[in-house]
Protein chains: 2
Amino acid sequence: MLNFCQMKKETIVKNSRLKALGLKETPARLAIISIFEANHSPLSAEDIWKKIKNKKVNLATIYRNILSLEKGGVLTRIDLRKSSNYYELKDTLHHHHHITCSTCGTFEDIELCDEGLSSKALENSLKFSKILDHSLEFFGICKKCKR
Amino acid sequence: MLNFCQMKKETIVKNSRLKALGLKETPARLAIISIFEANHSPLSAEDIWKKIKNKKVNLATIYRNILSLEKGGVLTRIDLRKSSNYYELKDTLHHHHHITCSTCGTFEDIELCDEGLSSKALENSLKFSKILDHSLEFFGICKKCKR
DNA sequence: TATTTAATTGCGAATAATTTGCATTTGAAT
DNA sequence: ATTCAAATGCAAATTATTCGCAATTAAATA
C-alpha cells in the first residue's frame, strides 16, 4: 500500500471516510466512489457496473457496497419512479433534486433550496421526533417529448 | 347493470372518472379504487391484493390496474424506500407526504403545504417546461425504534 | 516482514417484485 | 341480441436484488 505522502489527496479523504465507517478500502469500493464523484447524477447498480466493467467487479459486490455506503451515509437513494433504484453521493449541506420525464425517463439535476421543510414536517408528526433525510423529486414531460 | 338512480353516489363519481379515462368499470377496478378511498395511506400491490382476496382478483390484474390508474392520474406512486412500490390516490389540490422509519419501516402521513416548490424548480430547469407532479418524502427513526 | 483474522469478494443459485403471452371472459356500444 | 375491444386469470418469463459459501484480501498485530 502507498504511504500517506504518495497518495492522492482525494484518496486520503475517501480512506479516512471509509475508515471512520469501519469499512475497508478495497479497489471495488474506491472505484464505486470515484464513479459517483465523477457523475453528479443518479446512478443505478447496473449503471455503475457498466462503468467499471473492465475492472471486473461483480454486480453483487456493487449491490453490497451500495448498501453499506448508503447505511454509512455516503450515498442516498433517489426515487426516479423507474424499475430500479438510483443513488448519488449524499451532500449533507445542499440537497440535490431532479426532474424526471414521465415519457422518456430522462432526468435533470435541479438546484433548489428547501431548508426548513424537514422541521415543518416534524411539527405535524406524532410518531417521529427526528428527521434524518428527505427526498424531493419532480416529474413532468421534457421539451423533447412534448413536441 | 344498475341504472343511474340505483347507484351509490361515489360509484357514479368513479364511473364517470373511469369513463373519461377510457377505462371500463370492472369489479376489480372498482374494488381497487374503493380500497384506496378507505385507506388514506400508501398501499403496495400486495397490500391491495390481501384486502381484496375474498373477491378473488388476480395479482397480475392488480398490477395492470395500478398501471392504468397511475397513467390516468388517479393514483400516484410513493417512494418509501422499500423493496416494493407504494401508491395512493392522487390529490391534485393537496399533496400528501409521509415520514418513514429507516429502521422498522413504519410510516406516517404528513400534512405539509409545499406550494411554489414546483415553480421554483422549473425556474432552474433547462430541459423541462412543465412539471406535472412531485414527491416529497421524509425519513427518520420513529420514537419506538429510538428507545 | 510474517501471521492472523474478520471483512470482502466472486460465483451461482435463490428470492421478490413485476410483467407478459395467450386463451377466455366481460363491459358497453350498437 | 350481437359484436368487439378491453380486461382478466393463469402460468411462465423477466428484472432487480439478495444470499450462501468457499476463496481471497485488507489491515491490525506480533
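Below, chains carry the letters A, B, ... as their sequence lines are ordered, and counting in each starts from 1.
Rounding to whole angstrom units, CG of residue A/Leu21 and P of D/dA27 are separated by 13 Å. Rounded to whole Å, atom P of D/dA27 lies 9 Å from atom CG of A/Leu30. Summarising the geometry, the separation between CD1 on A/Ile66 and P on C/dT9 is reported as 12 Å, rounded to the nearest angstrom. As a whole-Å value, the separation of B/Leu18 CG from C/dA29 P is 13 Å. If you take CZ of B/Arg29 and P of D/dG9, they are 12 Å apart, rounded to a whole angstrom. Rounded to whole Å, atom C1' of D/dT8 lies 16 Å from atom CD of B/Glu25. Here C/dC11 presents its C1' atom at 15 Å from CD1 of A/Ile62, a figure rounded to the nearest Å. When rounded to the nearest whole Å, the span between NZ of A/Lys56 and P of C/dG10 equals 11 Å.
Evaluated for a side chain to side chain contact (heavy atoms under 4.5 Å, CB included) with B/Ile66, the options B/Ile48, B/Leu43, B/Val74, B/Thr61 yield exactly one hit, B/Ile48.
Each end of the helix from C/dT1-D/dA30 to C/dT30-D/dA1 gets its own axis from five base pairs, and the two axes differ in direction by 40°, given to 10 degrees.
There is a side-chain donor-acceptor pair under 3.5 Å between B/His96 and B/Glu88.
Closest contact between the side chain of B/Val57 and the listed nucleotides D/dG9, C/dA29, D/dA7 involves D/dG9. Relative to the side chain of A/Leu23, the nucleotides C/dG27, C/dA29, C/dT8 differ in distance, and C/dT8 lies closest. Listed candidates were C/dT9, C/dA28, D/dT8. Nearest to the side chain of A/Asn65 is C/dT9.
Note that CD1 of B/Ile141 and CG of A/Leu132 are 5.5 Å apart. Values are rounded to the nearest 0.5 Å. Distance CZ/B/Phe138 to CG/A/Leu117: 5.0 Å, rounded to 0.5 Å. Atom OG of B/Ser129 sits about 3.5 Å away from atom NZ of A/Lys146, to the nearest 0.5 Å. A distance of 8.5 Å separates CZ of A/Phe36 from OH of A/Tyr87, quoted to the nearest 0.5 Å.
Between B/Thr26 and D/dT8 there is a side-chain N or O to OP1 or OP2 distance below 4.0 Å.
The closest donor-acceptor contact from the side chain of A/His97 to the backbone of A/Leu136 lies under 3.5 Å. Under a 3.5 Å cut-off, the side chain of A/Arg77 and the backbone N or O of A/Asn85 do not form any donor-acceptor pair.
Because its NZ or CZ atom is both nearer than 6.0 Å to the ring centre of A/Phe139 and within 45° of the ring axis, A/Arg81 counts as a cation-pi partner of that residue.
Mapping A/Thr61 and B/Pro27 onto DNA chain C by nearest heavy atom places A/Thr61 closer to the 5' end of the strand.
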Could you encode protein contacts along nucleotides 10-21 of chain D as a string, one character per nucleotide from 5' to 3', using B for base contact, S for sugar-phosphate-only contact and - for no contact, with a heavy-atom cut-off of under 4.0 Å?
B-----SBBBB-
